[in-house]
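Indexing begins at 1, ligand by ligand and atom by atom, following the structure's order.
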Amino acid sequence: MSRIVYVNGVFLPEAEATVSIFDRGFLMADAVYEVTAVVEGKLIDFDGHVRRLGRSLSELGMENPLDADDLLGLHREIVERNVLEEGLVYLQITRGVADRDFAYPEAATPTVVLFTQVKPLSENDQAKTGIRVVSVDDQRWGRRDIKTVQLLYPSMAKMEARARGADDAWLVQDGLVTEGTSNNAYIVKGGAIITRHLSNDILHGITRAAVLRYARERQMKIEERPFSIEEAQAADEAFITAASTFVMPVVAIDGKILGDGTPGPVARRLRAIYLDEGRKAAI
Ligand code: PLP
């Protein structure tokens with residue numbers, strides 16, 4: 001089935017959608033993106049994604065061509081046109097088309113692209129078994145707080161993880177875990193949820209913010225600080241969060257099995273809370 005996608009003001013079949021070879025998103029990775037989960041045809045944590053998009057654009061000196069209402073309208077329309085019940089909406093905004101130059105063009109019209117992906121989110125087989133991660137040196141650039149499309153290093157790290165028999169990589173800088181290739185990383189020890197504090201070293205996950213808020217509301221203990229792979233391997237349990245996975249248990253780190261090798265109670269509880277609260281707040 002061919003999807004209906006959105007490019008610069010027009011909804012059209014995916015095979016007919018085109019972007020210029022001079023687009024700075026293509027030539028320079030001069031573009032930002034957001035991925036929003038859809039459950040029961042509704043958008044999860046949408047306001048958070050809109051806010052972060054605005055911040056990413058402003059950090060790169062790009063105008064936001066769409067206000068929050070435009071964005072909501074486009075997201076809803078693409079969900080409707082594709083009859084998307086559960087999955088993801090991908091949105092990308094590039095600086096636009098200009099002759100190739102390192103300097104930003106004086107005036108360029110941003111390119112806006114949206115498409116959908118069907119994905120099982122609420123009932124996900126991996127969430128039942130948990131995933132295995134391996135550590136990989138974090139060689140990304142220093143502004144990971146900006147959600148740009150320069151995703152080659154995370155792709156390489158993911159492929160290294162696959163080659164080593166794991167599902168994903170946890171990236172390590174100066175002996176401490178930053179985050180996963182496309183998710184935030186957590187461990188649980190003695191009931192405390194431990195995750196790296198916000199800085200330019202990690203993406204400020206929208207799912208992270210929501211999960212920590214729900215955990216705090218339930219008086220669960222949270223420590224926002226870095227942790228090492230050794231500390232993670234000695235933890236009671238571990239998990240990741242992202243819009244594309246929600247709360248996903250981690251059952252092995254660099255081959256060390258955590259607990260009894262099945263998803264831990266805190267990760268399972270947070271996943272259930274996130275699904276429940278996410279659905280309630282979905283728009
Ligand atoms: N960290 C990185 C590097 C990511 O790419 C992502 C999502 O793509 C996340 C964290 C999780 O962010 P969110 O919860 O907003 O999906």
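Annotation: His49 places no N or O atom under 3.5 Å from an N or O atom of ligand 1; distance criterion only. The N/O atoms of Ile206, backbone and side chain alike, include one that comes under 3.5 Å of an N/O atom in ligand 1. Any N or O atom pair closer than 3.5 Å counts here, and Ser244 shares no such pair with ligand 1. The shortest N or O to N or O distance between Lys147 and ligand 1 is below 3.5 Å. For ligand 1, one of its N or O atoms has an N or O atom of Ala243 under 3.5 Å away. For ligand 1, none of its N or O atoms has an N or O atom of His204 under 3.5 Å away.
Annotation for ligand 1: atoms under 4.0 Å from non-hydrogen atoms of Arg140 are 3 (C). Atom numbering of ligand 1 starts at 1 in the shown order; those under 4.0 Å from a heavy atom of Thr181 are 3 (C). Which parts of ligand 1 touch Asn184 is read off a 4.0 Å heavy-atom cut-off, strictly below it: atoms 10 (C), 11 (C).
Gln126 and Asn124 share no donor-acceptor pair across their side chains, judged by distance under 3.5 Å alone.
For the pair Arg271 and Phe239, the cation-pi test (distance below 6.0 Å, angle within 45°) is failed.
Remark: distances from the non-hydrogen atoms of Asp45 to ligand 1 are all 4.0 Å or more. Under a 4.0 angstrom heavy-atom cut-off, Arg52 registers as being in contact with ligand 1.
Among protein heavy atoms, the minimum distance from atom 12 (O) of ligand 1 is reached at Gly205 CA, 3.5 Å. Ser182 CA, 3.4 Å is the protein heavy atom nearest to atom 5 (O) of ligand 1. When only non-hydrogen protein atoms are considered, atom 1 (N) of ligand 1 lies nearest to Glu179 OE1, 2.6 Å.
The backbone N or O of Pro249 lies less than 3.5 Å from no partner atom in the side chain of Arg268, so there is not a single donor-acceptor pair.
Among the candidates Arg52, Arg55, His204, the single residue satisfying the side chain to side chain donor-acceptor pair (under 3.5 Å) test with Asp145 is Arg55.
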